[in-house]
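This report refers to the structure that appears directly beneath it.
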Amino acid sequence: MPEFRLYNSLTGEVEPFAPADGSTVRLYTCGPTVYNPAHLGNFRTFLFEDLLRRVLRMRGWGVEQVMNLTDVDDKIIKRATERGITIRALTDPVVTTFHADREYLRIQAAEHYPRATEYIAEMIALVERLQANGVAYRADDGSVYFAIDKFEGYGRLSRLDTRKIRTGARVAQDDYAKENAQDFALWKSAKPEDEACAAAWDSPWGRGRPGWHLECSAMAMALLGETLDIHAGGVDLMFPHHEDEIAQSEAATGKPFARFWCHGEFLLTDGAKMAKRVGNVSTVADLREQGVSAAALRHFVFSTHYRKQLNLSAAALEASIEAVRRIGDFSDRLARETAGSPALSEAADTLLVEATTVLSDDLNAPRAVGALFEFISAANRALDSRGSDPAALGRAREAFRQVNGVLDIVPDRGTSGGELADWVEAQLEARTQARARRDFAAADAIRKSLEEKGIAIEDSPSGTRWKSVR
RNA sequence: GGCACCGUAGCCAAGUGGUAAGGCAGAGGACUGCAAAUCCUUUAUUCGUCGGUUCGAUUCCGACCGGUGCCUCCA
């Protein structure tokens with residue numbers, strides 16, 4: 001197997017990667033802020049991380065993944081206040097929705113989904129550590145800030161020259177009493193509305209709540225140790241979120257916070273970043289309503305490299321729906337064939353080599369999808385010309401299973417079992433009899449009625465097959 | 001204003017200093033009672049534009065045009 005390589009935002013280069021301990025990758029992925037169901041832009045990033053996770057496992061490593069759930073922040077407090085409920089009451093249902101959406105998209109579960117509000121003690125301890133190290137200060141408003149000029153190398157990840165970050169209008173609008181406009185809050189003193197919705201905790205600095213960046217550092221270190229193998233998220237998190245995480249983590253421990261930083265690019269809609277503020281978001285619920293399967297969305301997302309912007313369009317989704325249909329048909333065929341040929345076996349070997357090679361090269365999923373289609377063509381050809389070797393078929397099934405185990409784009413289709421299946425089989429039997437007496441009008445009528453119910457049929461020398469196409 | 005990225009067939013999208021993967025859509029053919037599925041053939045002498053480097057550039061450099069993002073909460 002070729003060396004596994006991954007783009008590292010820290011260096012701006014694709015570098016060889018292996019977990020520090022040689023066996024388990026400690027992966028931290030920034031998760032959703034749970035005040036609203038995550039949109040497809042968010043899920044593009046989570047899908048990229050799912051791919052990363054699966055490729056790491058394909059490489060034979062274990063993965064210990066953490067995805068945080070930010071359940072306390074300004075927006076959450078604002079909304080909870082509007083509704084007169086606690087932040088917990090607001091966020092619980094959103095967390096449930098997040099996991100339902102995640103499962104629909106077949107994103108594998110991380111090992112840990114820590115909620116910020118359950119790690120308050122760890123966050124306070126981290127702030128105390130930073131204070132002891134002289135890089136945090138308490139301001140007149142009672143909040144505690146990180147002094148970025150005390151941390152050498154601030155801005156290294158995002159390559160932003162700190163002196164060039166404008167300290168003008170928008171930054172100055174901040175209500176907080178920072179010494180330097182670029183300093184960020186570690187601990188925010190509580191306001192009455194924070195108390196009202198149960199978003200305040202006791203601390204050495206009085207009642208308050210954690211700053212946003214703090215939670216990731218505290219939870220990552222609590223669950224994965226002080227140096228992560230990989231820290232991933234969307235590109236918009238690079239600055240200031242990840243920059244601040246690095247500053248506060250490294251200022252506390254004196255150790256590198258993450259060996260690799262990986263960032264997924266945006267999903268665009270109508271040529272603009274999908275974001276709530278732009279008002280162009282769509283959700284998993286919208287997708288389901290439009291009849292776009294998880295398989296189709298996964299195909300769509302993995303058709304473009306994760307470090308390239310991807311534009312969501314009806315036409316592109318439609319193409320993915322068709323592409324996934326072909327993959328599904330092939331999958332069905334592989335399941336019902338009984339033997340293969342040397343050509344099939346050869347195609348299987350090629351697929352395995354190609355897919356592992358390109359996926360190991362900075363997660364080149366588009367090429368892996370290409371390799372999969374080349375395999376499908378070659379395998380169909382081999383299967384058409386018949387073979388007599390069950391082992392060759394076994395190799396093809398295994399190769400297909402392995403590659404699909406990473407991309408996971410074979411659609412779910414109910415073609416057996418249940419009342420529907422019994423009914424369809426009865427219809428097909430009636431049609432077969434009609435065809436036998438050459439009553440094609442009756443046969444076509446049955447086919448048409450099945451189509452109206454979303455059942456497509458295919459006649460073959462060995463009988464008639466059916467599949468659900470919705 | 002600062003910093004990045006992107007611009008490849010009708011659409012989506014890989015890619016390499018040596019002559020353009022794959023998918024969708026389209027066209028023709030085989031198979032089929034007709035379909036569907038599958039297979040075969042076919043669709044960019046050309047990779048935003050103009051220069052430069054080179055024996056040779058889509059791939060490197062420069063300028064320009066167009067698009068997107070980050071610099072503020074943000075996947």
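Side chains included, hydrogens not; waters and symmetry mates left out as well; all remaining heavy atoms used. Throughout, protein chains are lettered first and strands after them, A, B, ... in sequence-line order, and every chain is numbered starting at 1.
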I want to check a possible cation-pi pair here: A:R102 against A:F46, using under 6.0 Å from ring centre and within 45° of the ring axis as the test.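 No; the conditions do not both hold, so A:R102 does not lie above the ring face of A:F46.
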
Under-3.5 Å donor-acceptor pair between A:R447 side chain and B:C34 base: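 Indeed there is one.
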
Between the base of B:C34 and the side chain of A:D459, is there any donor-acceptor pair under 3.5 Å?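 Counting by modelled atom types and ignoring angles, a donor-acceptor contact under 3.5 Å is found here.
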
Using a heavy-atom cut-off of under 4.0 Å over every strand shown, decide if A:A38 touches base, sugar-phosphate, or nothing.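 No contact.
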
Which part of the nucleic acid, if any, lies within contact of A:E374, taking any heavy atom under 4.0 Å across all strands shown: a base, the sugar-phosphate backbone alone, or nothing?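 Counting heavy atoms under 4.0 Å across all strands, the contact made by A:E374 is with sugar-phosphate only.
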
Check every atom of [options] against the side chain of [X] and return the nucleotide holding the closest atom.
X	options	answer
A:A315	B:C39, B:C11, B:A13	B:C11
A:F266	B:A14, B:C24, B:A75	B:A75
A:P366	B:A25, B:U38, B:A13	B:A13
A:R431	B:C39, B:C34, B:A14	B:C34
A:K308	B:U8, B:U38, B:G33	B:U8
A:R44	B:C34, B:G23, B:A75	B:A75
A:K273	B:C24, B:C71, B:A75	B:A75
A:Q309	B:U68, B:U72, B:G33	B:U68
A:L237	B:G15, B:C34, B:A75	B:A75
A:H299	B:G2, B:G23, B:A75	B:G23

Same-atom distance ([atom1]) from [N] to [M], integer angstrom:
N	M	atom1	answer
B:A21	B:U46	C1'	16 Å
B:U42	B:G10	C1'	15 Å
B:G15	B:C60	C1'	16 Å

Can you tell me if A:F440 is stacked onto the base of B:G33, using a 5.5 Å centroid cut-off and an angle below 30°?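 Given the distance and angle limits, yes, they stack.
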
